[in-house]
K.L.:
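Sharing a structure with you now.
Just so we're clear, the structure is a prediction, and the values are computed from it rather than from any experiment. Each chain gets a letter, A, B and so on, in the order its sequence line appears, and its residues count up from 1.
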Number of protein chains: 2
Amino acid sequence: MLGPVNRVERKRGRRVEQILAVAAELFGERGYDAVNLEDVAERLDVTKGSLYYYFAGKEQLATAAIETLGTDWTARLEELAATAEGSAAQRLRTLIRAHVAIAVREYPAALRLFLVPRTWPDALRARITEMRRRHDQVFRAVLVEGLESGEFAVVATASTLQAMHAAMSQAPLWCADLPVDEQDRAFDELADTLMKLVSPVP
Amino acid sequence: MLGPVNRVERKRGRRVEQILAVAAELFGERGYDAVNLEDVAERLDVTKGSLYYYFAGKEQLATAAIETLGTDWTARLEELAATAEGSAAQRLRTLIRAHVAIAVREYPAALRLFLVPRTWPDALRARITEMRRRHDQVFRAVLVEGLESGEFAVVATASTLQAMHAAMSQAPLWCADLPVDEQDRAFDELADTLMKLVSPVP
DNA sequence: CCCTCTGTTGACTCGCGGGTCAAACTTTGC
DNA sequence: GCAAAGTTTGACCCGCGAGTCAACAGAGGG
């Protein structure tokens, strides 16, 4: 039997989800150290102490929150990869755009997750690494496909993926402050630019 | 009259340099919050209180340290750009390699300076932005040159530079732990990969 | 209406790290 | 050799934020 058994457990489950949603947002925005539990509690119109009823501590809360964030993000990427139509190039471009859009619009500082994992407690590092591995996996699959079909040409798969990932993760920093319509143009430009990494040369 | 006038001031100047060297290393490695002044002091075989004789506070110390780090790094890039021989492509590749090597070998976590500037106090943000602007300037110059001579083709100058910068800054994260000889191969691969961003397509 | 179980509170402890300062020590100039 | 200036120390203050906990609601259930 999956899921909560009775009304009480369901209620608790919903509460946990609310907390995780807020926590994911804050940890995604600010990183680990810069989030304090009072802030999380305040956003839930609740007191800090109450969080400890659901989670053993900051680290556990952050771990669960990252899990949530990661699962959501990964799921969307994977679904997109599964449903996207067209050539490998078209699909890769779609993925890049979507990934950048999620990063910028929803987790504007989630790059911290990937870029400075050393500041996170050990337990979290593993989750973050795993999350990144799964993201990479989605991109790698399309990349390999395009390579095998001869549609793409790359110097080295590893550094191509690294470069792509770096550029995408960093996007929030330089286009978070742009107005929305310019953001869209920036996403397109970045996607086109990154496609050059896989384009064949004469 | 430039420079310190008497022996006392020279001595003080040297002490300040020692402190800044250590501070630049630590701030470059760990970011702002994660550095505490006790650590800085300990590395200098000195007490925390003593730092306050030379600097008004953590923020001022960090500002000066970043200044040092930035000046050194920028100067080396600029000198390399000025002395490098060959086509625009050859020079760009040289710059990329050098930049990555400096990032990985000397300031292994300096990417935090660029990547998460929102965690730094306002005063520091300006310095960091300026440092990055100067780095970009060096690359932009070569890029524009190659474009004008028809050697390069890019989708958009801005996102090309962004992508390059992102990939280079992030390099320390994924190749800091490699043995030195593999690092060199990784640098080469990354440089070759990034050159694709400017390569003309048929 | 009371009893129990689930949640919530707010006042508390505690350690950490930035910042202060008078006193002690060292160097320098005469 | 001594006074003044320069430098270092270590004990101390203070605020912040994580974590604790006894006391206090409500919501059902009998």
Side-chain angles (χ1 to χ4, degrees), chain A residues 3-23 25-27 29-66 112 118-124, chain B residues 3-27 29-66 112 119-124:
Chain A
V5 207
N6 54 39
R7 188 142 82 255
V8 177
E9 278 183 36
R10 267 202 306 279
K11 199 173 168 188
R12 184 186 174 93
R14 257 180 280 125
R15 198 90 189 86
V16 167
E17 273 173 40
Q18 288 172 11
I19 297 173
L20 286 181
V22 170
E25 202 178 325
L26 283 177
F27 282 113
E29 249 173 60
R30 305 188 194 166
Y32 186 76
D33 290 332
V35 169
N36 68 14
L37 297 190
E38 311 253 25
D39 290 349
V40 178
E42 200 181 348
R43 284 224 195 170
L44 290 158
D45 287 316
V46 147
T47 326
K48 182 178 57 168
S50 190
L51 296 178
Y52 283 86
Y53 181 72
Y54 296 97
F55 296 93
K58 185 180 183 179
E59 197 172 318
Q60 285 76 2
L61 174 58
T63 307
I66 296 307
R112 290 192 205 178
R118 281 158 221 275
T119 63
W120 296 77
D122 285 347
L124 275 160
Chain B
V5 207
N6 55 40
R7 186 144 82 256
V8 176
E9 279 183 37
R10 265 203 307 280
K11 198 175 168 189
R12 184 185 173 94
R14 255 179 282 125
R15 198 89 190 88
V16 166
E17 272 174 39
Q18 287 172 13
I19 297 173
L20 285 180
V22 170
E25 202 178 324
L26 283 177
F27 282 113
E29 249 174 58
R30 304 188 194 167
Y32 186 77
D33 290 332
V35 169
N36 67 13
L37 297 188
E38 311 254 24
D39 290 350
V40 178
E42 200 181 349
R43 285 225 196 170
L44 290 157
D45 287 315
V46 147
T47 326
K48 182 178 56 168
S50 189
L51 297 177
Y52 283 87
Y53 181 72
Y54 296 97
F55 297 93
K58 186 181 183 179
E59 197 172 318
Q60 285 77 3
L61 174 57
T63 306
I66 297 307
R112 289 194 204 178
T119 61
W120 296 78
D122 286 347
L124 274 160

K.L.:
Roughly, in whole Å, what's the span from CZ in B:Phe55 to P in C:dT20?
P.N.:
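Spelled out: CZ on B:Phe55 to P on C:dT20 is 15 Å.
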K.L.:
Restricting to non-hydrogen atoms, name the atom on A:Leu20 and the atom on A:Ala65 that form the minimum distance, rounded to 0.1 Å.
P.N.:
CD2-N, 3.6 Å
K.L.:
Under the 6.0 Å and 45° cation-pi test, does A:Lys58 pair with A:Tyr32?
P.N.:
yes
K.L.:
Give the minimum heavy-atom separation between A:Val40 and A:Val35, together with the two atoms involved.
P.N.:
CG2-CG1, 3.8 Å
K.L.:
So which protein N/O to nucleotides 8-12 of chain C N/O distances come out below 3.5 Å?
P.N.:
from: C:dT8; atom 1: OP1; to: A:Arg15; atom 2: NE; distance (Å): 3.3
from: C:dT8; atom 1: OP2; to: A:Ser50; atom 2: OG; distance (Å): 3.3
from: C:dT8; atom 1: OP2; to: A:Tyr54; atom 2: OH; distance (Å): 3.1
from: C:dT9; atom 1: OP2; to: A:Thr47; atom 2: N; distance (Å): 2.9
from: C:dT9; atom 1: OP2; to: A:Thr47; atom 2: OG1; distance (Å): 3.0
from: C:dT9; atom 1: O5'; to: A:Thr47; atom 2: OG1; distance (Å): 3.0

K.L.:
About how many Å separate CZ of B:Arg12 and CD of B:Glu9, when rounded to the nearest 0.5 Å?
P.N.:
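Rounded to the nearest 0.5 Å, the CD-CZ separation comes out at 9.0 Å.
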K.L.:
In this structure, how many angstroms lie between the P atom of C:dT13 and the OH atom of A:Tyr52, rounded?
P.N.:
17 Å
K.L.:
Without decimals, in angstroms, what is the distance between B:Gln18 CD and D:dT8 C1'?
P.N.:
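Nearest whole value for this atom pair: 14 Å.
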K.L.:
Whole angstroms only, please: what is the CZ-P distance between B:Arg14 and D:dT7?
P.N.:
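In whole Å, D:dT7 P and B:Arg14 CZ are 11 Å from each other.
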K.L.:
In the structure I gave you, are the side-chain heavy atoms of A:Val46 and A:Gln18 within less than 4.5 Å of one another anywhere?
P.N.:
no
K.L.:
How many whole angstroms separate atom NZ of A:Lys11 from atom C1' of C:dT6?
P.N.:
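Rounded to whole Å, this separation is 8 Å.
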K.L.:
What is the distance, rounded to the nearest whole Å, between atom CG of A:Asp33 and atom P of C:dG18?
P.N.:
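After rounding, the reported distance stands at 12 Å.
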K.L.:
If the cut-off is 4.0 Å, is A:Arg12 near the phosphate of C:dG7, judged by side-chain N/O to OP1 or OP2?
P.N.:
yes
K.L.:
Considering only heavy atoms, which members of residues 36-44 of chain A lie under 4.0 Å from some atom of DNA chain C?
P.N.:
none
K.L.:
Does B:Lys11 form a side chain to side chain contact (heavy atoms under 4.5 Å, CB included) with B:Arg15? I'd like the steps, not just the answer.
P.N.:
CA-CA 6 Å; B:Lys11 198 175 168 189; B:Arg15 198 89 190 88; over 6 Å; no
